[in-house]
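Counting begins at 1 with the first residue of the sequence.
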Amino acid sequence: MEQQHIDELLERYLGLLDEYSTLRKNLSQLQTGVYQDIARANFSGERGMRYGKDHYDERMQAVRRLNIEMGDKQYPTFDVINGPEEEPEVETKSSKESNEDKKEDEKEEGNEGNDRDSEEVNSKDAKDGSQEKTPKKKQNPLHWFGLFAPMPLRTAQEQSIKAVEQIIPRLVSVNVEMLGLEIEVRRARKRRAKAEAAAEKAGEAASKTTEAETQTQTQATSVETS
């Protein structure tokens, strides 16, 4: 049974090894294409314009996050998901009207007490008024280099996104599962060796008992004959 289990683990390991080699090949091709497209963009770009770290926005934020979950076989699986969306901006219609009313009250009455009352009323109106939420769109990092980025740069971005979202997470997940299978194979081989050693000891003990029985039988027959 242990040998069959080891064979199944090795079969699974070889399948993962083939997938790992394919993913590494695809990742190498994508990286080569990214660097070539960036070189084309720099070659065809404006004079003095170079697409690199010099034009990065220091206020950059991650638009993708790494998600790690435990799979059915107790191996962690890695996945890239979109980052949390930014909180939408809230625009109130009544805020403008309340501000205008406040100015009129200040001009007409000019009283501090009335000003306080008007501020309280305006604050209540602002809370009770209708609110419009305008969602904030995520900024495309490609816009750091201008609105009209060259096509090779856009192609490089698409290839990088494919590598980050599809190739690299699966590559890491396969690598982790392969390491886990190596540990399972070593443990299974140790169990098989222990079972074989125990079987050998049991066989030696059985052979010794049979030898002792044969000796006693021969001695008994010799005594009877004498």
Problem set entry | Least distance between heavy atoms, P150 atom then A41 atom | CG-CB, 4.1 Å

Problem set entry | Pairwise distance CG(L27) to OG1(T32) - rounded to 0.5 angstrom | 9.0 Å

Exercise. Is the shortest heavy-atom distance from the side chain of I6 to the side chain of R189 under 4.5 Å?
Worked result: yes

Exercise. So L30 and I167, side chain to side chain contact (heavy atoms under 4.5 Å, CB included) or not? Walk me through it.
Worked result: CA-CA 9 Å; L30 285 174; I167 304 297; 3.8 Å; yes

Seminar exercise, completed: Closest non-hydrogen atoms of E182 and Y13, given as atom of the first, atom of the second and distance, are OE2-OH, 2.6 Å

Exercise. Any sub-3.5 Å donor-acceptor pair from Q159's side-chain atoms to V34's backbone N or O?
Worked result: yes

Problem set entry | Working for side chain to side chain contact (heavy atoms under 4.5 Å, CB included), residues L181 and Y75 | CA-CA 10 Å; L181 286 175; Y75 298 131; 3.9 Å; yes

For this session: Evaluate side chain to side chain donor-acceptor pair (under 3.5 Å) for N175 paired with E177, printing each intermediate quantity in order.
Result: CA-CA 5 Å; N175 188 23; E177 189 173 354; over 6 Å; no

Problem set entry | M151 vs R40, side chain to side chain contact (heavy atoms under 4.5 Å, CB included): CA-CA, chis, key distance, verdict | CA-CA 9 Å; M151 185 55 65; R40 292 191 187 99; over 6 Å; no

For this session: Could you grab the distance from atom CZ of R191 to atom CZ of R186, nearest 0.5 Å is fine?
Result: 12.5 Å

Exercise. Has the side chain of T77 got a donor or acceptor atom that lies under 3.5 Å from a matching backbone atom of E69?
Worked result: yes

Exercise. Out of curiosity, does Y35 fall in the hydrophobic cluster containing L153 (side-chain heavy atoms, cut-off under 4.5 Å, transitive links)?
Worked result: no

Problem set entry | 4.5 Å side-chain heavy-atom contact, R65 and V80 | no

Problem set entry | Same cluster (ILVMFWY, side-chain, under 4.5 Å), L10 and L179 | no

For this session: Quick one: pull up CG in L16 and CG in L23 and give me the separation to the nearest 0.5 Å.
Result: 10.0 Å

Problem set entry | Validation row: N67, F78 side chains within 4.5 angstrom (heavy atoms) | no

Exercise. Going through the checks in order, is the side chain to side chain contact (heavy atoms under 4.5 Å, CB included) test met by E158 and I161?
Worked result: CA-CA 5 Å; E158 293 175 358; I161 291 174; 5.8 Å; no

Seminar exercise, completed: Output for pair (H5 NE2, D7 CG), nearest 0.5 Å, gives 10.5 Å

Seminar exercise, completed: Here the gap from L14 atom CG to E11 atom CD, rounded to the nearest 0.5 Å, amounts to 8.0 Å

For this session: Output the distance between atom CD (Q166) and atom CG (D79), rounded to the nearest 0.5 Å.
Result: 10.5 Å

